[in-house]
Student: 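My questions all concern the structure below.
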Amino acid sequence: MTIYNFSAGPAVLPKEVLQQAQAELLDWHGSGMSVMEMSHRGKEYMGIQAQAEADLRELMGIPTSYKVLFLQGGASQQFAMIPMNLLRGKKSADYLNTGEWSKKAISEAKKFGAVNVVATGADRNFSYIPAFNTWQRDANAAYLHYTPNETIGGVEFNWLPDVGTVPLVADMSSCILSRPVDVSKFGLIYAGAQKNVGPAGLTIVIVREDLIGEVLPGTPTMLDYKTHAENDSMYNTPPTYGIYIAGLVFQMLKRKGGIAQMEKTNIAKAKLLYATIDASNGFYNCPVATSDRSRMNVPFTLKDANLDGDFVKQADARGLLQLKGHRSVGGMRASIYNAMPLEGVQTLINFMNEFAKNHG
Ligand SMILES: *Cc1c(COP(=O)(O)O)cnc(C)c1O
């Protein structure tokens, strides 16, 4: 039976990447050792990391005026590092509140400065993105932070906020590499790797150089972007194996036609799944506003929540795993990142149609 893993994160990785890692596990390219065992300052490993960075730059079209940092601590550590590094003498930062991850970023930022919440989706249970013309922005904000894809609520931006000269900061943990983005429009992009890139333990930060170097007093060395920027992410031991796997993913993406090609497949997958939900006569329901529905994380409920347990059990039996929704939302959630093949979504919707027919 083919297994399809719909986990929100850590999430499915491309099979061919895992197979390559397996083939190279004990002896990387004739080095006689595993990547895990290599000195991070050795020629072999330095080559792996440099190639990973070059490939990511190529895939995303990252301008040379941006640093690419390979860090640890997860996206959650960025919730603190961003205000510590980017307040830069200003008193306040703008934050958009579109759900669970926005809220965490906001509460952490409040430890370091004032937070101006420009708009919130709380009035409709975070099922939509507040229209840009309702945002109460502060012209003097140090930066504006938003979450382009809310992994739990399944709300995703299909547009780019134009905040002028205020640096735009985006938590792309669950949408990085899923669609093309114009990096030059951002001050900083960050993402935990474990959704759409690689294994947990690696955090990617892409930051415009001129924003680096003016941290809050007392900022620990390890939490200063400058430390990592000046040392090619090798101030201390980087998460070497995670960077290696991410590098294999980048090479695979390049072979497959890059991010534009990924986006096409991602649109096709999401369309199929939402169409199934919408055509179910209310048996399935997705609470998210049609224009703001995520291509990556598709939350849906069953008309009768008493059927949830059966749904999950029967899905499991067919190799459709990890569909149970986040504890804060309930229902189901299908995460359909880059590495989820179209056949996985087709198998899921066949099952959903059959389940609805048997229980409708
Ligand atoms: C998963 C996730 C996080 C948290 O990531 P960690 O690496 O576990 O800290 C933050 N933001 C978003 C949008 C996420 O999906």
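All residue numbers in this chain count up from 1 along the given sequence. Whatever order the structure lists them in is the order used to number ligands and atoms, beginning at 1.
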Student: Does the residue Q194 have a heavy-atom contact with ligand 1, meaning some pair of atoms that are separated by less than 4.0 Å?
Tutor: yes
Student: In the protein, which heavy atom is nearest to atom 9 (O) of ligand 1, and how far is it?
Tutor: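 Looking at atom 9 (O) of ligand 1, the protein heavy atom closest to it is S76 OG, 2.6 Å.
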Student: In ligand 1, which numbered atoms sit nearer than 4.0 Å to a non-hydrogen atom of A75?
Tutor: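 Matching atoms, with element in brackets: 3 (C), 4 (C), 5 (O), 6 (P), 7 (O), 9 (O), 10 (C).
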Student: Using a 4.0 Å cutoff against the non-hydrogen atoms of T151, which atoms of ligand 1 qualify?
Tutor: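 Near T151, meaning under 4.0 Å from one of its heavy atoms, ligand 1 has 12 (C), 13 (C), 14 (C), 15 (O).
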Student: At less than 4.0 angstrom from any non-hydrogen atom of G74, what atoms of ligand 1 do you find?
Tutor: 7 (O), 9 (O)
Student: When you compare ligand 1 with T147, is there at least one nitrogen or oxygen pair between them that comes in under 3.5 angstrom?
Tutor: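 No, no N or O pair falls under 3.5 Å.
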Student: Just how far is it from atom OG1 of T2 to atom NZ of K15, taken to the nearest 0.5 Å?
Tutor: 7.0 Å
Student: With respect to D171, determine whether any N or O atom, backbone or side chain, lies less than 3.5 Å from an N or O atom of ligand 1.
Tutor: yes
Student: Could you measure the distance from the CD atom of E53 to the CD1 atom of I48? Nearest 0.5 Å is fine.
Tutor: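 Nearest 0.5 Å value for the CD-CD1 distance: 14.5 Å.
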Student: Checking N140 side chain against K91 main chain: does a donor-acceptor pair fall under 3.5 Å?
Tutor: no
Student: Tell me: protein heavy atom nearest atom 1 (C) of ligand 1, and distance?
Tutor: K195 NZ, 1.3 Å
Student: Should the pair R318-E354 be classified as a salt bridge under the 4.0 Å nitrogen-to-oxygen rule?
Tutor: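 Salt bridge: yes.
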